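What follows is a single structure, written as structure tokens, with notes after it.
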Amino acid sequence: MRESSRLTAVQTPIIPVIADLIRSTPGVISLGQGVVNYAPPPIVAEAIGRFLADPNNHKYQGTSGIPSLLEAIAEKLDGENGVRVGAAHGNGVMVTAGGNQAFLNVVLAILDPGDEAILPVPYYFNHEMAVTMAGARPVLVPTDSNYQLDLDAIAAAVTPRTRAIVTISPNNPSGVVYPEESLRAVNALCARRGLFHVSDEAYEYFTYDGAKHFSPASIPGAEAHTISLYSMSKAYGFASWRIGWMAFPATLEPALRKIQDTVIICPTVVAQFAAAGAMSLGPSFVREKIQALAETRAMVRRELSALEAEGLAEVPRAEGAFYYLLRVNSPLAPLPYVTRLIREHKVAVIPGDAFGLEGGCSLRLAYGALQPATAVEGVGRFVAGVRALRG
């Protein structure tokens with residue numbers, strides 16, 4: 001018996017591969033997985049109490065989400081992103097089991113086998129995997145040397161089979177923030193060519209040094225072709241709760257409801273109650289956490305700048321998320337390099353070829369998961385490892 005040929009074509013997820021290496025090497029500090037170092041706000045306990053108080057909450061609930069969470073999302077999108085949702089505005093909202101499920105729902109709703117979706121490189125590997133899993137074709141378009149969008153290259157990649165262009169800003173894995181004018185240009189291209197603009201905004205709050213997040217769905221007239229993806233995992237420390245959502249053109253609602261009902265029926269209801277409770281605090285909770293994270297980021301940047309000054313690495317500017325995607329000067333391929341960092345220097349990062357980067361040795365370093373003192377130690381080990389492994 002064999003597995004589906006579609007799944008054979010899908011890359012192996014890199015996070016479990018690195019996790020296996022870490023487990024086999026005691027004492028490793030991981031600068032690998034992209035999560036935050038804080039828990040959800042205490043108010044979620046009260047929200048869970050409200051969930052438990054009503055026995056009906058243990059039954060299936062609405063496919064798109066519970067009313068209190070949908071209302072909180074609509075208020076947040078209007079007030080923070082300039083995106084109005086509802087039938088009167090030609091779009092809708094659906095709560096999902098995290099941002100990854102939102103993206104997979106979208107892929108299944110808009111792509112047929114053989115269709116194409118444009119992914120700027122570096123891409124988020126689960127995006128590329130989802131497109132391939134659906135039997136569609138990811139069209140990989142290089143960015144510039146600073147990982148910013150190459151608008152001419154994106155336009156040139158559009159073919160009669162193209163159905164969507166995907167952008168992630170702030171970006172995973174590079175940490176760059178795309179300027180508003182670039183996102184407007186992509187959105188306008190999609191409008192002209194009859195494409196969907198899928199805008200992944202999971203890291204919307206994580207910006208630094210004056211960088212500003214921009215939601216393309218806020219552009220007048222964009223609601224007909226723009227799909228916006230969001231997540232509680234990063235901003236509110238909800239990684240294991242699996243709550244995200246999407247704002248989408250109303251024309252896609254029948255397809256999305258079919259997919260949602262087939263995959264999960266409804267998102268986990270207790271997690272939705274918790275999410276509604278967390279969102280009741282507004283963005284102030286998140287901003288306080290990001291202020292502390294910014295101090296860790298500054299330390300990481302100083303350490304990486306030393307490698308750059310020594311000619312051992314290139315470290316493109318990263319004004320968002322909690323990543324640096326650097327290019328080290330080494331003849332080793334990324335995975336063997338990472339394996340040696342883990343085994344010889346007890347520090348883990350993610351190989352850049354998992355994000356579609358070919359040639360050279362690129363590595364993603366994540367600094368959000370660790371408390372400051374551990375992050376200092378981990379980055380110190382990484383810098384020492386890069387110096388020891390110089391080509």
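Keep in mind that what you see is a predicted model, and the values were worked out from it rather than measured.
Rounded to the nearest 0.5 Å, atoms OG1 (Thr339) and CG (Leu332) are 10.0 Å apart. Between atom CE of residue Met246 and atom CG of residue Leu252 there is a gap of 9.0 Å, rounded to the nearest 0.5 Å. Considering CD1 of Ile29 and CD1 of Ile22, their distance stands at 11.0 Å, rounded to 0.5 Å. Put simply, OG on Ser4 and CE on Met133 are 9.5 Å apart, with the number rounded to the nearest 0.5 Å. Taken to the nearest 0.5 Å, the CG atom of Leu70 stands 9.5 Å off from the CE atom of Met94. Between the CD1 atom in Ile118 and the SG atom in Cys190 there is a gap of 8.0 Å [rounded to 0.5 Å].
Contacts classified as salt bridge (charged side-chain N to carboxylate O under 4.0 Å, His left out) and involving residues 218-243 (residues at least two apart or in different chains) are not found. Applying the salt bridge (charged side-chain N to carboxylate O under 4.0 Å, His left out) test to every pair with at least one member in residues 98-116, sequence neighbours left out, gives these pairs: Asp115-Arg161, Asp115-Arg163, Glu116-Arg137. Applying the side-chain hydrogen bond (donor to acceptor under 3.5 Å, both in side chains) rule to pairs touching residues 296-316 yields Asp209-Arg297, Arg301-Ser305, Arg301-Glu308, Glu310-Arg387, Glu314-Arg327, sequence neighbours excluded.
One side chain, Glu201 or Ser215, offers a donor N or O that lies under 3.5 Å from an acceptor on the other. A donor-acceptor contact closer than 3.5 angstrom is absent between the side chains of Asn57 and Gln61.
Residues satisfying the ring-ring contact (aromatic ring centres under 6.0 Å, His included) test with Phe273, not counting sequence neighbours, are Phe51. In terms of the side-chain contact (heavy atoms from CB on, under 4.5 Å) criterion, residue partners of Glu180 (sequence neighbours excluded) are, by chain and number, Arg184, Phe214. Residues passing the side-chain contact (heavy atoms from CB on, under 4.5 Å) test with Pro283, sequence neighbours excluded: Glu80, Tyr205, Arg287. In this structure, the side-chain contact (heavy atoms from CB on, under 4.5 Å) partners of Ala354, at least two apart in sequence or on a different chain, are Gln11, Ile14, Phe125. Residues passing the ring-ring contact (aromatic ring centres under 6.0 Å, His included) test with Tyr124, sequence neighbours excluded: His127. Partners of Ala217 under the side-chain contact (heavy atoms from CB on, under 4.5 Å) rule, at least two apart in sequence or in another chain, are Val83, Thr226, Ser228. A search for salt bridge (Lys or Arg N to Asp or Glu O under 4.0 Å) contacts involving Arg192 returns nothing, not counting sequence neighbours.
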Quiz item: What's the verdict on side chain to side chain contact (heavy atoms under 4.5 Å, CB included) for Val106 and Leu229, showing C-alpha distance, side-chain angles and the deciding distance?
Solution: CA-CA 10 Å; Val106 168; Leu229 310 180; 4.2 Å; yes

Exercise. Just do the side chain to side chain contact (heavy atoms under 4.5 Å, CB included) check on Val158 and Arg193 with the steps written out, would you?
Key: CA-CA 8 Å; Val158 175; Arg193 301 298 296 269; 3.5 Å; yes

Exercise. Output, in order, the C-alpha distance, side-chain angles, deciding distance and verdict of side chain to side chain contact (heavy atoms under 4.5 Å, CB included) for Leu189 and Ile165.
Key: CA-CA 9 Å; Leu189 172 64; Ile165 300 172; 3.7 Å; yes

Quiz item: Under the side chain to side chain contact (heavy atoms under 4.5 Å, CB included) criterion, do Val166 and Phe103 qualify, and how do the steps go?
Solution: CA-CA 10 Å; Val166 179; Phe103 186 80; 4.0 Å; yes

Self-check item: Step-by-step salt bridge (Lys or Arg N to Asp or Glu O under 4.0 Å) determination, Glu204 to Lys76
Solution: CA-CA 12 Å; Glu204 59 178 325; Lys76 172 256 189 292; 3.0 Å; yes

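Of all the heavy atoms in Tyr147 and Ser174, the pair that sits closest is CD1-CB, 3.6 Å. Contact record, Ala384 with His345: O-CE1, 4.3 Å, taken as the closest heavy-atom pair. The shortest non-hydrogen separation linking Gly237 to Val36 is CA-CG2, 3.8 Å. What you find for Ser169 and Tyr178 is that their closest heavy atoms are OG-N, 2.9 Å. Annotation for Ala72 and Met279: closest pair O-CE, 3.8 Å, computed over non-hydrogen atoms. Of all heavy-atom pairs between Ala224 and Phe196, the closest is O-CE2, 4.4 Å.
You'll find the side chain of Leu183 stays beyond 4.5 Å of the side chain of Ser199, heavy atoms only. Within the 4.5 Å cutoff, side-chain heavy atoms of Val349 are placed close to those of Leu363. Side-chain contact between Thr132 and Pro138: present, with at least one pair of heavy atoms (C-beta onward) separated by less than 4.5 Å. Here the side chains of Tyr123 and Leu140 are in contact, with some heavy-atom distance below 4.5 Å. By the 4.5 Å heavy-atom criterion applied to side chains, Arg390 and Ser330 are not counted as neighbours. Side-chain atoms of Arg381 and Leu31, non-hydrogen and from C-beta on, never get closer than 4.5 Å to each other. Looking at Leu341 and Lys346, their side chains never come closer than 4.5 Å, going by heavy atoms from C-beta outward. Contact annotation: the side chain of Asn146 never approaches that of Val176 to less than 4.5 Å [non-hydrogen atoms, C-beta and beyond].
Phe238 and Ile15 fall within the same hydrophobic cluster, defined by Ile, Leu, Val, Met, Phe, Trp and Tyr side-chain heavy atoms under 4.5 Å apart, directly or through other members. Hydrophobic clustering (ILVMFWY, side-chain heavy atoms < 4.5 Å, transitive): Val35 and Tyr367 are in distinct clusters. No continuous path of hydrophobic side-chain contacts links Leu256 to Leu108 [ILVMFWY only; heavy atoms under 4.5 Å]. Connection of Leu104 to Val131 is not established within any shared hydrophobic cluster, with ILVMFWY side chains joined at heavy-atom distances below 4.5 Å, either directly or through further cluster members. Val121 and Val139 end up in the same hydrophobic cluster when Ile, Leu, Val, Met, Phe, Trp and Tyr side chains are linked at under 4.5 Å.
With His58 contributing its side chain and Leu52 its backbone, the two residues share no donor-acceptor pair below 3.5 Å. Looking at Asp150, its side chain does come within 3.5 Å of a backbone N or O of Ala153 through a donor-acceptor pair. Checked by atom type and distance alone, the side chain of Gln260 never pairs as donor or acceptor with a backbone atom of Asn105 at under 3.5 Å. Checking side-chain atoms of Tyr323 against main-chain N and O of Gly368 turns up no donor-acceptor pair under 3.5 Å.
By the neighbour-count criterion of 12 heavy atoms within 6.0 Å, atom CD of Glu3 is densely surrounded, having more than that number from other residues, nucleotides or ligands. Environment of CD in Glu358: sparse, with no more than 12 heavy atoms of neighbouring residues, nucleotides or ligands closer than 6.0 Å.
Below 30°, between 30° and 60°, or above 60°: for Tyr203 and Phe206 the angle between ring planes is above 60°, a perpendicular geometry.
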Kindly list each side-chain donor-acceptor pair under 3.5 angstrom involving residues 261-269, sequence neighbours excluded, with atom names and distances?
unit_1: Thr262; atom_1: OG1; unit_2: Lys258; atom_2: O; d: 2.8

Using atom types as modelled, flag every donor-acceptor pair under 3.5 Å from a side chain in residues 84-93 to any protein atom, sequence neighbours excluded.
unit_1: Asn91; atom_1: OD1; unit_2: Gly86; atom_2: N; d: 3.1
unit_1: Asn91; atom_1: ND2; unit_2: Arg84; atom_2: O; d: 3.0

